[in-house]
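Heads up: the structure comes next, in structure tokens.
Numbers for residues simply follow the sequence, beginning at 1. Small disclaimer: the values here were computed from a predicted structure and weren't measured.
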Amino acid sequence: CETCSKEEAKYRCPRCMKYSCSLLCVKKHKLALSCNGVRDKTAFVSVNEFTDLNLLSDYRFLEDVGRTADAAARHCIVHSPATKRLLYCLRNKARGCNIELKTLPIGFTKRRENSTTFNSVENKFYWHLKLIFPHSHAEYTLKGVPDDKTLADILKPYIDPVESDPVVCQRLKIYTASPQSDVRILMKIENRSRNSVRYNELDANRSLLDNLKGKVIIEYPTLFVVLKTLKSDMVVLGQ
């Protein structure tokens, strides 16, 4: 025992790894070292000492973090009148632009992700936007996209052979290698039955706001970038 040095040690503190022989010595060592006896889940463990138990501990630690974050998202302050007023204002401004914006209840992933804002000074939306490139199995999330930006300019950092990021360009090479005229931008039509999924084709040369007018949006727009030369099961409305 590292406290009394008299009896054989029976216990080991999960926090500081001190050996103790009895409950009395355990309490003494906690008092002397200001130790709470709770194992430090974030303590460094070298690769050589890393075991399956450490892996399981890390996994459970991440699960605890996820539960805590989810509980915070469901906290009553999120349901406060100020938050509700903000969402009402956002939907009202969208309605003024001929956009039917729908928001999900607290706890849904899209509700937590959505970062769309409306700047009343500039009278402009800054959209949370998701781009999906199905032929490359890639998707990207954009934040603060101004509504007056054209879709072509939005896609330039991704599929433009010259202006796109080299890493992104490599991942989306099937798009960058194709003529720009082959690129189609689709958006799923909401409020349709599951066996009748259809998409609207958007105009790359028009602004994001112009393309969203007359559409139903749940939380934020999700755009699918496809190539018309490749077979796709996405049926455009009217075809």
Side-chain angles (χ1 to χ4, degrees), residues 2 9-20 23 25-91 101-119 125-134 136-145 154 157-158 165 167-168 170-172 188 190 217-225:
E2 295 184 52
K10 298 178 182 178
Y11 314 106
R12 191 178 189 185
C13 178
R15 182 82 178 185
C16 62
M17 299 302 172
K18 296 286 185 183
Y19 287 99
S20 302
L23 180 59
C25 285
V26 169
K27 290 181 177 179
K28 284 182 179 179
H29 110 266
K30 286 183 178 180
L31 188 62
L33 301 177
S34 299
C35 177
N36 59 12
V38 179
R39 185 177 61 82
D40 185 4
K41 297 179 181 180
T42 62
F44 174 76
V45 179
S46 65
V47 176
N48 296 333
E49 298 175 350
F50 199 85
T51 64
D52 289 343
L53 287 176
N54 296 115
L55 180 63
L56 183 61
S57 173
D58 286 353
Y59 182 75
R60 287 175 175 168
F61 174 68
L62 292 175
E63 283 187 322
D64 289 341
V65 172
R67 281 193 292 270
T68 303
D70 186 61
R74 298 170 187 268
H75 195 269
C76 59
I77 194 171
V78 183
H79 300 270
S80 66
T83 304
K84 292 180 180 178
R85 282 198 300 272
L86 186 63
L87 291 177
Y88 176 79
C89 178
L90 208 60
R91 291 193 296 263
L101 178 62
K102 295 186 175 183
T103 54
L104 297 169
I106 297 297
F108 279 74
T109 302
K110 290 189 76 172
R111 174 87 291 271
R112 291 199 302 265
E113 290 176 342
N114 195 2
S115 61
T116 300
T117 58
F118 182 81
N119 190 315
F125 272 98
Y126 285 87
W127 288 98
H128 184 105
L129 188 65
K130 182 173 284 188
L131 300 177
I132 297 178
F133 299 85
S136 296
H137 304 288
E139 66 176 57
Y140 300 92
T141 299
L142 290 71
K143 295 183 179 181
V145 181
I154 292 172
Y158 298 92
D165 179 87
V167 177
V168 176
Q170 179 62 26
R171 187 178 184 187
L172 304 178
K188 183 181 175 183
E190 304 293 351
I217 299 171
I218 298 178
E219 289 293 345
Y220 55 80
T222 299
L223 308 184
F224 295 85
V225 186

Of all the heavy-atom pairs spanning [X] and [Y], show the shortest one and how long it is.
X	Y	value
Trp127	Pro221	CE3-CD, 3.6 Å
Thr116	Leu90	O-CD2, 3.8 Å
His128	Tyr220	O-CB, 3.1 Å
Lys30	Gly37	CE-CA, 4.0 Å
Leu33	Cys16	CD1-SG, 4.3 Å

Between [atom1] of [X] and [atom2] of [Y], what distance do you get to the nearest 0.5 Å?
X	Y	atom1	atom2	answer
Leu87	Arg91	CG	CZ	5.5 Å
Phe118	Leu86	CZ	CG	12.0 Å
Leu223	Ile132	CG	CD1	9.0 Å
Tyr19	Cys25	OH	SG	15.5 Å
Thr222	Leu131	OG1	CG	9.0 Å
Phe108	Glu113	CZ	CD	13.0 Å

Can [X] and [Y] be counted as having a side-chain donor-acceptor contact under 3.5 angstrom?
X	Y	result
Ser20	Arg12	no
Thr51	Asn54	yes
Thr103	Arg111	no
Ser46	Asn48	no

Q. Does NZ or CZ of Lys188 come closer than 6.0 Å to the centre of the six-membered ring of Phe224, within 45° of the ring's axis?
A. no
Under a 3.5 Å distance rule, please check whether [X] uses its side chain to pair with a backbone N or O of [Y] as donor and acceptor.
X	Y	value
Ser136	Leu172	no
Arg171	His137	yes
Thr68	Asp64	yes
Glu2	Lys18	no
Arg15	Asn36	no

Q: Quick one: sort the Tyr140 and Phe133 rings into parallel, tilted or perpendicular, breaks at 30° and 60°.
A: perpendicular
Neighbour count above 12 (heavy atom, 6.0 Å) for [X] [atom1]:
X	atom1	value
Lys110	NZ	yes
Asp40	CG	yes
Phe50	CZ	yes

Q: State whether Lys41 and Asp58 are salt-bridged, where the test is any N-O pair (Lys NZ or Arg NE/NH1/NH2 against Asp/Glu carboxylate O) under 4.0 Å.
A: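 Looking at Lys41 and Asp58, the cut-off is not met.
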Q | Pair Glu219 + Lys102, salt bridge at N-O below 4.0 Å | A | no
**Q.** Side-chain touch Tyr126/Asn119, heavy atoms, less than 4.5 angstrom
**A.**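 Tyr126 reaches Asn119 side chain to side chain.
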Q. Can you find a heavy atom in the side chain of Ile218 that is under 4.5 Å from one in the side chain of Leu104?
A. yes
Q: Using the side chain to side chain contact (heavy atoms under 4.5 Å, CB included) rule, take Ser57 and Arg39 through it: C-alpha gap first, then chi angles, then the decisive distance, then the call.
A: CA-CA 10 Å; Ser57 173; Arg39 185 177 61 82; 2.6 Å; yes
Q.
Can you list everything that forms a side chain to side chain contact (heavy atoms under 4.5 Å, CB included) with Cys89? Sequence neighbours excluded, please.
A. Lys93
